[in-house]
Each structure stands twice: as C-alpha cells, then as structure tokens.
Amino acid sequence: MRTVSIPAGWPATEEQARAVQDELRTEVVLDEPGPPPGTGHVTGVDVAYDDERDVVAAAAVVLDAATLEVVAEATAIGRISFPYVPGLLAFREIPTVMAALDALPCPPGLVVCDGYGLAHPRRFGLASHLGVLTGLPTIGVAKNPFTFTYDDPHTPRGSASPLLAGTEEVGRALRTRESVKPVFVSVGHRVTLDNACAHTLALTPQYRLPETTRRSDSLCRTALKEATEALRPR
DNA sequence: GCGACAG
DNA sequence: ATCTTGTCGC
C-alpha cells in the first residue's frame, strides 16, 4: 500500500477550489463514445475516512469487464486534503485516489467513480475532475440525486429518466434492479451518457450498485482499518 | 436570509 | 462519509 501527501499548490479555500474547477472544466471531453461495455478493463475507485485521525484510504479495483472478475487491486493512504463541501468533493478524494490508480500494475480502462461528473453545480464533479487529471475515460455513479430532480423511472431494470438541472439533462436516473431505488449516472470524461448507462447496467447483474463500487468500497474500508490500527497506541 | 446539498 | 442491532425477506 502506498502513502501520499497533499500536492503542492492544492487549494486551501473554497474560493480557490471553485477557481480550479472553472479552469479545468474547459478540458473535459464529451464527444468521445468511450470504451464499449463488456470489453477490456473497468476500474472502481472509492475512499473511506477517519476524520478523527486525519486519515483517508483509497482503493482502485480493476475488473475484467466481460466476467466482472477482479484483475488487480491497489490502495493508498493519505491525509485529508479538503473538508467535505457539497460541490467540492473532488478536492477531498483525488490525491489519494490518483495514488491508488498509479499503484495499479495494469491500465485501468474505464474508471467508475462514486459520485458525479457532469451532474454538478459547475458541471465538473469528481468523475470529470479525475478524468481530466488522468486522461482516462471516467463516469460517475451516485446513490443520491444531489440537488437535481428526476421522475421515478419505470419499474423494470434498465429503465431510466433524465436527471435534470432545471431543463438541462445532466445525467440519468437508472434503475439497475427492478423496483429498487435507481442510481444516478453522469458522464465524466471521454464517455457518452448512453455508454455510461450501458456500462452501469453491465456492472449491475445482481446488486443496485456497480460491482466496481462495491469492490472498491469494501477494499478501501479494510485499508482504512489496517492503517488506523497501525497508528493505534498499544 | 433560510434550507438543501455527491461522499 | 460515519455512528450502529436486530430483523424482515429472497
């Protein structure tokens, strides 16, 4: 497992962070379809926190997109680089997530983030940010609608409805399990919304959440426990 | 001004 | 995100 420090020049205030978003948002690529679902690698990234001890653990789990079997895993430990502020989540997660991605022994392929991409107050959420910094194709799959509105998709798995900021479609509420609350998919970088939804469905043969986020979620939690118990006085 | 608000 | 037991259901 790898250890990272907060990058030099990392924003210290909300104002600086928003300025970075406004700068980087111009780099997002939205006109590439992205990798075809069911082929190559798909990587989930997630983080867990211990605010008390100022520790953050990130995990990256690479799956074979066809079989959903784990191909590779990596973790990283860092300090909390930003407080949680809605709309500025990326500044809290990205340094450690990028370290985990760097530690992988193989190319990540498509990266699936826990959160949003385009569906963001300034249209530059975590998935967009990570995509621009790494150049990788990224999508965001969130568990909550944030500030956006949507009509409940029809009951069958695969049904979807627009996720709306006013009248602008910034993502999609996608039903991954019949009669179960939808997930909220948005585009990050170099992937189309239709393709992002197709990937999400390919990653949810059984559960509401993508296998990528389920796997990375459990891995970063155990990584956090191990890191945190190593610091515990005995 | 107040409330809501990804993880 | 995190704090947290049992419990209802497939």
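A note on names: the letters A, B, ... follow the listed sequences, proteins ahead of strands, and every chain is numbered from 1. Hydrogens, waters and symmetry mates are skipped; everything else that's a heavy atom, side chains included, is used.
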For this session: For DNA chain B, determine which residues of residues 122-130 of chain A have any heavy atom closer than 4.0 angstrom to one of its atoms, and list them numerically.
Result: A:Gly125, A:Leu126
Problem set entry | salt bridge (Lys or Arg N to Asp or Glu O under 4.0 Å) contacts touching residues 95-122 of chain A (sequence neighbours left out) | A:Asp114-A:Lys143
Exercise. Roughly, in whole Å, what's the span from CG in A:Leu89 to P in C:dA1?
Worked result: 10 Å
Exercise. With no hydrogens and no angle check, is any side-chain donor or acceptor of A:Arg190 less than 3.5 Å from a backbone partner on A:Leu30?
Worked result: no
For this session: Indicate yes or no: does A:Asp51 engage A:Arg92 in a salt bridge with an N to O separation below 4.0 Å.
Result: yes
Exercise. Going by number, which of residues 42-49 of chain A have a non-hydrogen atom under 4.0 Å from DNA chain C?
Worked result: A:Ala48, A:Tyr49
Seminar exercise, completed: Any stem touching DNA chain B, meaning at least three consecutive Watson-Crick or G-U pairs under 3.5 Å, ordered by first number, would be none
Problem set entry | Interface with DNA chain B, restricted to residues 139-164 of chain A and to heavy atoms under 4.0 Å | A:Ala142, A:Lys143, A:Asn144, A:Phe146, A:Thr147
For this session: Could you name each residue pair satisfying side chain to side chain donor-acceptor pair (under 3.5 Å) that touches residues 197-208 of chain A, not counting sequence neighbours?
Result: A:Arg157-A:Thr204
For this session: At under 4.0 Å between heavy atoms, which parts of nucleotides 4-10 of chain C does protein reach? Answer with one letter per nucleotide, 5' to 3': B base, S sugar-phosphate only, - none.
Result: -------
For this session: Rounded off to whole Å, could you give me the CG-to-C1' distance for the A:Asp51 and B:dG7 pair?
Result: 11 Å
For this session: Take the protein atom CD of A:Glu93 and the nucleotide atom P of C:dA1, then report the distance between them rounded to whole Å.
Result: 9 Å
For this session: Would you mind reading off the distance between A:Tyr84 atom OH and B:dA4 atom P, rounded to a whole angstrom?
Result: 14 Å
Throw together a table of side-chain donor-acceptor distances under 3.5 angstrom for residues 73-89 of chain A, partners on residues two or more places apart or in other chains.
unit_1	atom_1	unit_2	atom_2	d
A:Arg79	NE	A:Asp54	O	3.4
A:Arg79	NE	A:Asp54	OD2	3.2
A:Arg79	NH2	A:Asp54	OD2	3.2
A:Ser81	OG	A:Phe91	O	2.7

Tabulate below the donor-acceptor pairs under 3.5 Å that side-chain atoms of residues 36-47 of chain A make, not counting sequence neighbours, or state none.
unit_1	atom_1	unit_2	atom_2	d
A:Thr39	OG1	A:Pro36	O	2.8
A:His41	ND1	A:Pro107	O	2.9
A:Thr43	OG1	A:Pro108	O	2.7

Exercise. How many Å lie between CZ on A:Arg221 and P on B:dG7, as a whole number?
Worked result: 12 Å
For this session: For residues 124-134 of chain A, pull every pair meeting side chain to side chain donor-acceptor pair (under 3.5 Å), keeping only residues two or more places apart or in separate chains.
Result: none
Exercise. Under the side-chain contact (heavy atoms from CB on, under 4.5 Å) criterion, do A:Leu130 and A:Cys113 qualify, and how do the steps go?
Worked result: CA-CA 9 Å; A:Leu130 185 65; A:Cys113 297; 3.7 Å; yes
Exercise. When you measure from the centre of the six-membered ring of A:Phe124, is the NZ or CZ of A:Arg18 under 6.0 Å away and within 45° of the axis?
Worked result: no
For this session: Specify the separation, in whole Å, of atom CD of A:Glu52 and atom C1' of C:dA1.
Result: 14 Å
Exercise. Do other residues, nucleotides or ligands put more than 12 heavy atoms under 6.0 Å from the CD atom of A:Glu168?
Worked result: yes
Exercise. How does DNA chain C read in dot-bracket, base by base from 5' to 3', with Watson-Crick or G-U pairs under 3.5 Å and | used when the partner is on another strand?
Worked result: ..........
For this session: Counting heavy atoms from C-beta on, name the nucleotide in B:dG7, C:dA1, B:dA6 closest to the side chain of A:Tyr116.
Result: B:dA6
For this session: Give a yes/no on whether any side-chain N or O of A:Arg92 is located under 4.0 angstrom from OP1 or OP2 of B:dA6.
Result: no
Exercise. For the side chain of A:Asn144 and the backbone of A:Phe146, is there at least one donor-acceptor N/O pair under 3.5 Å apart?
Worked result: no
Exercise. Which of residues 177-200 of chain A have a heavy atom under 4.0 Å from DNA chain B?
Worked result: none
Exercise. Contact class for A:Leu88 (heavy atom, under 4.0 Å): base, sugar-phosphate, or nothing?
Worked result: base
Problem set entry | Between P of B:dA6 and CD1 of A:Ile94, the distance in whole Å | 18 Å
